[in-house]
Amino acid sequence: MAELEPLLACRDLRKRYGQRTAVDGISFVIAPGETYGLLGPNGAGKTTTISMICGLLRRDGGEVFVAGRPVDVGATEAKASIGYVPQDLAIYPDLTARENLRFFGRLQRLGGRELDQRVDEILAMTDLADRAKDRVDSFSGGMKRRLNIGIGLLHRPALLVLDEPTVGVDPQSRNAILSNVADLSREGMAVLYTTHYMEEAERLCDRIGIIDEGVIKAEGTRRELVALVGKKDRIELVASGAVGPATEALAGLDLVEEATSADGRIELVVDQARNLLPHILETAAAHGAVIKSVEVIEPDLEAVFLHLTGKALRD
Amino acid sequence: MRAAMVIAAKDLRQKIGDRSALMVAVLAPLGLAFLFSVMIPSEEGFHTHYAIVDLDGGPIAQGLRAGPLQGLADAGVATITAADSEAAARAQVDAGDVEAAIVIPTGFSEAIQTGQPAQLLVIGGPSALSTEIARTVLTGFGSEVTAVQVGVRAALGATGSAPEPALLGRLAQDALALPPPIVVASDPTADRQASSTTYYGASMAVLFVFFAAQFGVVGLLAERRTGTLARMLASPVGPGAILLGKVLVSLILAVVSMSVMVLATTVLLGASWGDPVAVTGLVLAVSIAATGIATLVVGFARTEEQAGGAIAIVALTLAVLGGSFFPLSQAPEGLASLSLITPHSWFIRGINDLAAGGGIQTVAGSILVLLAVGLVSGALGLARARRVVTP
């Protein structure tokens with residue numbers, strides 16, 4: 001996807017706060033319809049990076065282009081292509097949901113019938129239509145979070161920037177947010193998604209940049225990142241019957257690098273475990289093994305992060 | 001400009017729903033103006049009551065009663081009633097029936113006519129001002145008598161003849177009956193002081209306009225804290241439009257606060273502000289000054305609490321220096337000079353000018369100073385506040 005004309009291109013972004021370097025030469029691109037995740041722990045430089053991308057923060061170096069237009073603090077034309085959803089709720093609690101949407105819609109240069117239509121669409125999409133006239137301070141946390149995201153979508157941005165949108169969100173709302181983002185991506189919207197939750201990055205993102213201490217340590221698809229670690233998938237089978245012959249047969253399969261058995265347990269080291277699993281089960285059964293349980297163990301981004309930085313991804 | 005208007009409209013909608021803005025911008029200054037005007041007596045409306053005991057009955061005593069003391073009565077400053085004796089007058093003072101008593105002792109006229117020392121007695125009551133006025137009037141009369149005596153002696157001395165006491169007395173009496181050679185005329189523009197209701201209405205209005213003006217620009221810090229400022233900045237809106245929107249809110253709230261104070265004190269308290277065009281000019285100018293200073297303070301603050309506290313300190317300090325709590329005519333000379341650095345002083349000066357019958361030309365100087373204060377502080381403040389918007 002990155003081979004398409006990029007919707008977002010940032011090159012060599014740099015930002016310092018006094019003696020501390022928050023962002024140190026970050027570069028990446030996002031193609032239309034692509035979801036790009038910035039995965040890193042708190043304080044890694046994710047928010048500083050997207051603040052510079054959205055023109056909220058003056059950068060010390062580098063450049064940002066959105067839809068071919070340079071982005072800076074005063075670059076209003078480029079900003080019209082960006083939908084920004086901050087990590088914390090950025091809404092007015094003393095205004096109603098509709099008033100919040102209308103205000104930010106006007107700032108996005110919407111007006112008249114178009115504004116009314118988009119406000120109604122967003123209220124419907126966020127499931128807040130029946131609470132449109134209620135003040136936001138009477139909303140539940142999940143409702144506020146949905147409104148917070150809806151505001152970022154008002155003007156149909158080409159690039160949606162979400163800064164850790166699921167922090168502090170209940171599992172149900174979190175799932176709904178992830179589904180919404182996936183839907184938007186399928187509709188062709190480019191998404192920049194920052195998170196320190198490995199599962200979210202794996203579920204949503206086409207490509208992931210692993211960021212730590214203001215530097216992107218590695219970038220690619222999940223599989224490409226995992227390959228960097230050099231670890232293979234593992235499959236553990238608990239079986240009875242002809243375990244020995246079955247193990248020998250499995251060892252002869254392509255993509256099976258190693259096969260061992262002991263105490264009714266067969267362990268395989270393979271490439272692309274999920275693709276190979278049906279063939280493995282068929283082969284084992286054909287050679288007299290009765291499979292009682294299967295466990296697939298794949299190296300994850302946690303392992304990648306640990307490998308790249310020497311520390312855990314979690315706080 | 002459109003974005004600035006959108007931001008200002010949103011802020012005003014929030015402020016209308018926020019009753020604290022109404023309280024600070026209108027109700028508090030109106031209430032304080034009412035209290036001040038009731039509690040502090042007006043110089044314009046000053047009136048006292050004296051008892052006079054004339055135990056002498058001579059021509060000089062009559063001159064005193066018919067001259068300076070009757071003058072006080074004619075000017076509406078004092079009501080003067082006669083008492084039979086010093087004891088009776090003292091009893092009236094003690095009972096609070098009169099503010100002070102003046103006793104002309106027996107032999108007063110004769111003593112003056114014969115060139116002997118004479119004495120008048122003032123019995124003071126709780127009102128120091130009334131007693132002081134009586135003492136001043138009598139001292140003035142004494143100086144006048146002394147001047148006549150000296151003049152007559154000098155004239156008779158020039159002829160080489162010794163003055164006869166009777167002749168001296170008659171000449172002194174005639175001289176006192178003559179109209180004064182110098183009359184001090186009162187120019188209303190040189191004697192500028194609005195009524196106490198107008199004065200305290202203006203003072204409280206200019207004090208609280210700073211609190212009203214803070215609501216817009218301090219909102220910048222609040223929006224930075226809540227993240228809505230970043231959200232605005234991520235939209236196609238420049239930092240300048242956001243700043244302009246906030247400054248507009250401050251200015252509008254300041255003008256509304258001032259205007260409501262002018263109207264309310266006029267209708268409810270009977271204040272007389274003067275020429276409407278000139279008052280409008282002063283109101284706009286002081287609103288701009290307050291907005292500029294509030295913007296400057298916000299430019300140096302990190303949080304809205306810090307900004308609110310700093311604006312309160314600045315507003316109260318300027319109010320004390322600028323004569324919001326007491327007329328500068330009663331202040332030490334140094335303070336009166338220092339007051340010229342405050343918008344309060346220039347605004348109140350303008351209102352006093354209008355109370356004396358002046359118009360827009362009379363207060364043009366005050367308006368220009370206020371505008372200069374607002375524009376300079378506002379420009380500095382905006383330069384600083386830009387860092388709040390785009391760190």
Side-chain angles (χ1 to χ4, degrees), chain A residues 15 17 22 47-48 50-59 66 69 71-96 99-100 102-111 115 135-137 148-149 151-152 154-155 157 159-161 163, chain B residues 1-23 215-216 218-246 248-249 253 302-304 382-391:
Chain A
K15 182 69 182 177
Y17 295 105
T47 298
T48 303
I50 65 169
S51 293
M52 289 189 284
I53 289 171
C54 293
L56 311 180
L57 190 62
R58 295 188 192 284
R59 51 184 184 267
V66 172
R69 298 191 191 97
V71 178
D72 208 334
V73 170
T76 55
E77 291 309 313
K79 287 181 181 179
S81 301
I82 302 172
Y84 170 62
V85 178
Q87 177 177 346
D88 296 320
L89 295 171
I91 48 183
Y92 298 104
D94 53 345
L95 298 182
T96 68
E99 287 169 342
N100 268 283
R102 289 184 65 82
F103 170 65
F104 286 110
R106 286 199 182 97
L107 292 187
Q108 292 291 351
R109 301 172 177 169
L110 299 176
L115 175 62
R135 278 170 55 123
V136 170
D137 52 12
N148 194 44
I149 293 175
I151 289 169
L154 264 168
H155 57 298
L159 171 67
L160 180 63
V161 179
D163 188 9
Chain B
M1 189 64 187
R2 178 182 176 276
M5 299 296 282
V6 169
I7 292 166
K10 184 271 298 176
D11 275 18
L12 289 173
R13 179 191 293 266
Q14 288 179 294
K15 297 308 168 199
I16 288 169
D18 182 358
R19 290 177 186 159
S20 65
L22 175 70
M23 176 67 75
F215 280 107
V218 171
L220 201 61
L221 296 165
E223 297 226 36
R224 182 176 67 174
R225 176 178 53 79
T226 60
T228 46
L229 178 63
R231 182 152 235 165
M232 280 194 267
L233 201 61
S235 59
V237 175
I242 296 172
L243 285 172
L244 181 59
K246 296 296 179 186
L248 266 178
V249 173
L253 288 175
R302 290 175 179 269
T303 65
E304 61 260 43
L382 284 173
R384 288 283 308 184
R386 214 176 166 84
R387 298 183 193 181
V388 175
V389 180
T390 53

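Note on naming: letters A, B, ... go to the chains in the order of the sequence lines (proteins, then strands), and numbering restarts at 1 for each one.
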Which atoms of [X] approach chain B - backbone, side chain, both or neither, heavy atom under 4.5 Å:
X	result
Asn148(A)	both
Val71(A)	neither
Leu89(A)	backbone
Asp88(A)	neither

Open item on the list: Counting C-beta onward and ignoring hydrogens, is there a side-chain heavy-atom pair between Lys10(B) and Arg106(A) closer than 4.5 Å?
Closed with: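 No. Closest side-chain heavy atoms not under 4.5 Å.
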TODO: State, yes or no, whether a side-chain contact exists between Ile7(B) and Leu107(A) at a heavy-atom distance under 4.5 Å.
DONE: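 Yes - at least one pair of side-chain heavy atoms lies under 4.5 Å apart.
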Between [options], which shows the greatest number of heavy-atom pairs under 4.5 Å with chain B?
options	value
Glu99(A), Arg102(A), His155(A)	Glu99(A)
Val161(A), Leu95(A), Ile82(A)	Leu95(A)
Ser81(A), Pro86(A), Cys54(A)	Pro86(A)
Pro157(A), Ala78(A), Ala90(A), Gly74(A)	Ala90(A)
Phe104(A), Tyr92(A), Tyr84(A)	Tyr92(A)

- [ ] Report the residues that fulfil salt bridge (Lys or Arg N to Asp or Glu O under 4.0 Å) with Arg109(A), sequence neighbours left out, ordered by chain and then residue number.
- [x]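 Arg109(A): salt bridge (Lys or Arg N to Asp or Glu O under 4.0 Å) contacts with Glu77(A).
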TODO: Would you mind telling me which of Gln14(B), Glu223(B), Arg2(B) has the largest number of heavy-atom pairs within less than 4.5 Å of chain A?
DONE: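 With the most close heavy-atom pairs to chain A, the winner is Gln14(B).
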Task: Name of the residue among Met232(B), Arg13(B), Arg231(B) meeting side chain to side chain contact (heavy atoms under 4.5 Å, CB included) with Phe103(A) - done: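 Passing option: Met232(B).
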TODO: Using a cut-off of 6.0 Å, state whether more than 12 heavy atoms not belonging to Arg302(B) lie near its atom CZ.
DONE: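 Incorrect, the count does not exceed 12.
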- [ ] To the nearest 0.5 Å, tell me how far Asn100(A) CG sits from Thr228(B) OG1.
- [x]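 Output value for this atom pair is 9.5 Å.
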Open item on the list: Counting only non-hydrogen atoms closer than 4.5 Å, can you tell me which residues of residues 235-245 of chain B sit against chain A?
Closed with: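 Only Ser235(B), Pro236(B), Val237(B), Gly238(B), Pro239(B) of residues 235-245 of chain B have a heavy atom under 4.5 Å from chain A.
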